[in-house]
Each structure stands twice: as C-alpha cells, then as structure tokens.
2 protein chains.
Amino acid sequence: MDDESRQSSQSRLLSRRSVAAKIKSKPIVRPDRLSDLVIDALRNDMESGRIGPGSRLPSEKDLTESFNVSRTVIREAISRLQSDGLVVSRQGSGVYVTSPSEGTRAFRLGLNDPHEKTTARDIYELRICVESDAAGLAALRRGKTDLAMLEKALKTLSAAGGDLEKGVNADVQFHRLIARLTKNSAIIRFHEFLASMLTDTVRLARANSAMHEGLTEYVATEHVAIFEAIVAGDAEKARHAMRMHLNKAQERLGLL
Amino acid sequence: MDDESRQSSQSRLLSRRSVAAKIKSKPIVRPDRLSDLVIDALRNDMESGRIGPGSRLPSEKDLTESFNVSRTVIREAISRLQSDGLVVSRQGSGVYVTSPSEGTRAFRLGLNDPHEKTTARDIYELRICVESDAAGLAALRRGKTDLAMLEKALKTLSAAGGDLEKGVNADVQFHRLIARLTKNSAIIRFHEFLASMLTDTVRLARANSAMHEGLTEYVATEHVAIFEAIVAGDAEKARHAMRMHLNKAQERLGLL
DNA sequence: ATATATCAGTTATCATACAACTTATGAAGG
DNA sequence: CCTTCATAAGTTGTATGATAACTGATATAT
C-alpha cells in the first residue's frame with residue numbers, strides 16, 4: 001500500500017517536467033524550482049492584500065494540497081519568505097504575515113534579471129545621489145582623525161602613479177572613507193552595497209577605455225576639490241564637487 | 001550498518017533543546033532554528049574567503065555529516081542563501097558561491113536587529129539623499145503627462161484639507177510620483193523601499209506630534225516650490241527645495 | 001475561580017526513496 | 001588519435017511518512 005500510494009500520487013502531481021516546460025516557455029531565466037512558483041503565488045497574495053499583515057497563512061498541509069506539491073517545497077518557500085522578512089513562523093502556531101517595516105526587510109537589485117530593466121547606468125545614478133549627499137554630510141560631521149585618514153588616502157592615491165590596481169584600490173578607499181564620515185550606518189552600508197554591485201561594470205569599463213594620460217592627475221584634482229570642501233565644512237560645495245566628480249567618472253566609463 | 005548509524009546519529013545529535021538553550025543565552029532574538037546556525041557558519045566561510053567565489057560548496061550529504069543535522073535543514077539553509085544571491089545551485093552539479101555583483105543581491109536594513117545600530121533617523125537621512133537628487137533628475141526628465149499627474153497630486157493634496165488620512169496618502173503619492181519621473185527603476189524601487197521602511201515611524205511620529213494649525217498650508221507651499229522647480233527644469237533648485245522640505249519634515253517628526 | 005492536564009493542530013526535524021540532472025570515464029567506431 | 005556515445009557515480013530536486021516540540025483551547029480537578 002505504501003508503494004502504490006506513492007506511485008499514484010507521484011503521477012497525480014504535475015510532473016516536474018511539465019511544470020518546467022511551462023516556465024521555460026518564457027525566457028530561460030527561472031530555474032525550474034517548484035518553490036519559486038509557490039513563493040511568487042504567496043508574495044502575490046500578500047502584496048495584493050489578499051492575506052493582509054498579521055493574518056495567518058494556511059497551514060503547510062493545506063498549502064501542499066492547494067499547490068499539489070510536497071511539504072518539502074512548501075517549507076522551502078516559506079523559509080525563504082521568512083528570510084526576506086515577509087513572514088514569521090511560530091512553531092506550534094502558524095506562519096504569519098509581517099506588517100511592512102516590521103523586522104528586517106531586503107532591497108533587491110537585479111542586474112541580470114530580464115524582468116528588471118535596471119541597468120548599470122541606473123545604479124550608477126543612484127550611487128551619485130547617495131554619494132554626493134554623503135559628501136555633504138561628511139563635511140558637516142567630519143572629525144579630526146577622519147580628516148587625517150582622508151588625507152592619507154589622497155596621498156596614497158597620488159602616490160599610486162601608474163599602478164592601476166593600486167590606484168583603483170585607493171580610489172575605492174577614498175570614497176568608502178567619505179561614506180563613513182557620515183556616521184550613518186544606513187548610508188555606509190548602502191554605499192558599500194552599490195559599490196559592490198558596480199565593481200564588475202567598473203572594472204570592465206576601465207579595461208575597455210584606454211586610460212588617457214594625465215587622467216590620474218585629473219582625477220586627483222577632483223578628489224582634492226572634494227577633500228577641501230569637506231575640510232572647510234562646506235556641505236553644499238562638497239556635494240557639488242562629488243557630483244561633478246562622479247558625473248565625469250560616469251562619462252569616462254561610458255555609462256552615459 | 002545503516003541501522004546502527006541511524007540510531008546512533010540520532011542520539012549523537014545535539015538535541016534541539018540544547019542548541020536552543022545555547023542560543024537563548026543571548027537575547028531572545030534568534031529563533032531556535034538549526035538552519036540559522038548552518039547559514040551563519042556558511043556565510044562566515046564565504047565572507048572570510050575560505051570558500052571563495054566560484055568554488056563549490058560541500059555536497060548536501062557532506063554538510064549533513066559535518067553539521068550533524070538532517071538534509072532538510074541543510075537544504076533550507078542553502079535555499080535561503082540562494083535567495084540572498086550568495087550561492088546558486090545547479091541540479092546534478094552542486095552549489096556554487098557567486099562572485100559579488102553576480103546576479104541579484106540584497107541590501108538589508110535591520111531596524112530592530114540589536115546587532116545593527118541603524119536608527120530611523122539614519123534611514124530618513126538616506127531618504128533625503130535619494131529623494132532630493134531624485135527631484136533634480138525629475139526636473140531634467142519630466143514629460144508633459146508627468147507634470148500633469150504631479151499637478152493633479154498637488155491639487156488632491158490641497159483639497160484634502162483637514163482629512164489627515166487623505167492628506168498623508170496624497171503626500172506619499174506626490175513623492176512617489178517624483179521618484180517615477182526620474183525614469184530610473186533603481187531609484188524608483190529604492191525610494192519605495194525606504195518609504196515602506198519608514199511608514200510605521202512616520203505614522204507614529206505624526207500621531208504624537210499634534211498637528212499645528214496651518215501646517216498643511218505650510219507643507220503645501222513647500223510642495224509647490226518643488227513642483228515649480230521641476231516644471232522649470234531647474235535641477236539645482238529642485239534638489240534644494242526637496243531637501244528643505246524633507247529637512248523640515250524630519251524636524252517635525254522629531255527625528256532630529 | 002484558578003490551576004492543571006489533556007488534546008488537536010502546527011511547525012521543526014529526521015530519514016528514506018526516487019527522479020532529474022551533471023560530469024567524468026571509458027568503450028566503440030571513425 | 002580523435003570523436004561520439006553510452007554508462008555510472010555523484011548531486012540536487014521532490015515526495016512521503018514519522019516523530020519531536022510547541023501552541024492554543026478545552027476539559028478537568030482542586
């Protein structure tokens with residue numbers, strides 16, 4: 001009996017193949033994982049308000065029946081929803097939809113996802129927003145030791161000279177430092193996030209566009225302008241200098 | 001051999017209780033889920049570079065043995081790592097560590113997480129960065145229909161009068177529209193994200209601080225200033241107007 | 001009335017089996 | 001020697017059943 005029930009239920013289910021085929025009718029993008037389907041469905045229910053914050057999700061057993069998948073799949077889906085902070089599960093009680101902003105939530109930026117039309121340029125633009133303002137805040141909040149570190153980074157940068165790798169690192173470090181000067185952990189971390197999103201793009205662009213001679217000096221000038229504005233504590237000027245710097249960089253990288 | 005190993009492994013396992021006790025020695029925060037332990041361990045290995053991008057994780061079987069947990073737990077852990085974009089799993093092959101910026105990655109902001117000292121103020125500040133620049137971009141890119149919509153939102157806002165709920169909604173809508181005018185999906189979505197992070201805070205603050213009379217008119221004036229700058233296509237002015245507006249709002253909300 | 005015990009329902013974990021896929025190895029044929 | 005194809009071993013994906021741990025409510029005893 002064990003055997004037959006397994007067999008029959010097995011065949012009653014949508015076979016993985018058919019589901020996969022269905023998905024792959026549109027671009028390959030989605031791996032053929034059943035939990036993805038469940039996630040999308042549940043997300044939809046929640047975002048459309050059909051399940052509303054605070055209310056309980058159907059039990060795993062119910063979900064297996066309504067989706068015709070195994071409990072394994074349901075659990076994986078719920079687990080991922082939970083790690084996104086959309087639900088919390090309480091053992092013995094159930095899974096509950098969290099109210100927005102309760103707990104930790106995640107911001108996703110898909111650079112490859114064909115669903116998304118977000119381009120590297122978009123992200124770079126967002127970076128300009130954040131970083132130019134960060135420079136402004138830095139000008140208001142910089143301490144003495146902060147300035148010393150920034151100055152040191154500037155020197156490292158100019159000392160790098162022809163060494164590309166070294167130059168890039170010093171550059172990154174300079175910007176990272178400015179983010180830290182804001183003393184705002186949200187800004188610091190988001191800056192880090194954007195930078196890491198862009199590393200590949202930047203590296204690629206940098207490799208393609210031959211470095212003009214004198215470029216490093218030029219960049220150094222821009223950096224100095226930013227630095228001086230921060231030293232002077234002039235937020236407006238710091239923002240402007242940073243914006244100019246990043247705009248030029250954007251051009252140089254061919255992101256415009 | 002199978003049999004004995006089964007039995008013994010069962011008893012050899014850390015019982016859930018003991019694990020839970022261990023965790024709960026520090027604040028309650030962590031639910032006693034084994035997959036969390038696995039996730040933390042793997043994250044650590046990856047971030048410390050012990051597993052390096054591109055390389056393969058140990059197979060699920062190996063992991064079950066080294067962690068002494070069931071495959072279910074391992075799979076949940078991996079599934080969540082995958083949904084965070086830290087790894088990709090290829091059926092029949094293995095689970096591979098993604099290189100940073102490959103695929104989609106997530107930015108998390110924990111408002112409650114005791115590990116994080118991110119405050120609502122930090123987030124609001126980040127919002128100011130993004131939104132003031134968004135206003136600038138909006139001024140450069142607004143189309144005709146865009147302006148019409150924006151104007152309509154303004155009218156709705158002033159028409160709301162005393163109705164608080166209505167007023168808030170119109171306000172949110174106004175800002176949302178401006179984000180959309182940038183035509184930058186990264187900015188649009190990040191703005192949405194920040195707004196949703198702040199909803200609770202804003203709602204609370206609004207409830208606490210009694211609304212001064214004449215406040216709505218005052219806010220309306222600020223909105224008009226932003227609107228006019230966008231209409232004029234003056235990016236610098238739009239940025240400034242938005243920044244002023246949000247700074248004032250921040251004060252009013254007691255986030256300063 | 002208050003506490004306690006019990007029970008049904010739910011999530012968490014374990015174990016096993018099988019399906020589907022990947023990769024390497026090696027045999028067969030050119 | 002090289003290519004091609006089959007096979008086998010290893011790996012992830014899914015299904016299923018069983019048990020542990022927890023929750024909430026109901027019933028019971030004091």
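Per chain, numbering begins at 1; letters A, B, ... match sequence-line order. None of these values were measured; they are calculated from a predicted model.
Cation-pi geometry between Arg121(B) and Tyr124(B) is not met: the NZ or CZ atom fails to fall both under 6.0 Å from the ring centre and inside 45° of the normal.
Computed from coordinates, the Ile78(B) CD1 to dT12(D) P distance equals 7 Å when rounded to whole Å. When the P atom of dT11(C) is taken as reference, atom CG of Leu81(A) falls 13 Å away, rounded to whole Å. Atom CD in Glu76(A) sits roughly 11 Å away from atom P in dA15(D) (whole-Å rounding). As a whole-Å value, the separation of Leu63(B) CG from dC14(C) C1' is 16 Å. In this structure, the CZ atom of Phe67(B) is 16 Å from the P atom of dA15(C), given to the nearest Å. When the C1' atom of dT22(C) is taken as reference, atom CG of Leu57(B) falls 17 Å away, rounded to whole Å. One interatomic measurement links the two molecules: NZ of Lys61(B) to P of dA15(C), which rounds to 14 Å at whole-angstrom precision. The CD1 atom of Ile74(A) sits 14 Å away from the P atom of dT10(C) (whole-angstrom rounding).
Within the structure, a side-chain polar atom (N or O) of Arg75(A) is placed less than 4.0 Å from OP1 or OP2 of dA12(C).
The pair Lys61(B)-Glu65(B) counts as a salt bridge, with a side-chain nitrogen and a carboxylate oxygen less than 4.0 angstrom apart. Using a cut-off of 4.0 Å between Lys/Arg side-chain N and Asp/Glu carboxylate O, Arg43(B) and Asp36(B) are scored as not salt-bridged.
Residue order along DNA chain D, read from the 5' end via each residue's closest nucleotide, puts Ser35(A) first among Arg90(A) and Ser35(A).
Counting heavy atoms from C-beta on, the side chains of Glu131(B) and Leu194(B) never come closer than 4.5 Å.
Side-chain to base pairing of Arg71(B) with dG13(D): one donor and one acceptor N or O lie within less than 3.5 Å of each other.
Under the 30°/60° scheme for interplanar angles, the aromatic rings of Phe190(A) and Phe190(B) are found to lie parallel. Using cut-offs of 30° and 60° for the angle between ring planes, the Phe193(A) and Phe107(A) rings count as perpendicular.
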What's touching nucleotides 7-9 of chain C from the protein side, N or O pairs under 3.5 Å?
residue: dG9(C); atom: N2; partner: Gly92(A); partner atom: O; Å: 2.7

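Listed for the Thr64(A) side chain is no donor-acceptor partner under 3.5 Å among the backbone atoms of Val69(A).
Among the atoms of the strands shown, base atoms are found under 4.0 Å from some heavy atom of Thr72(B).
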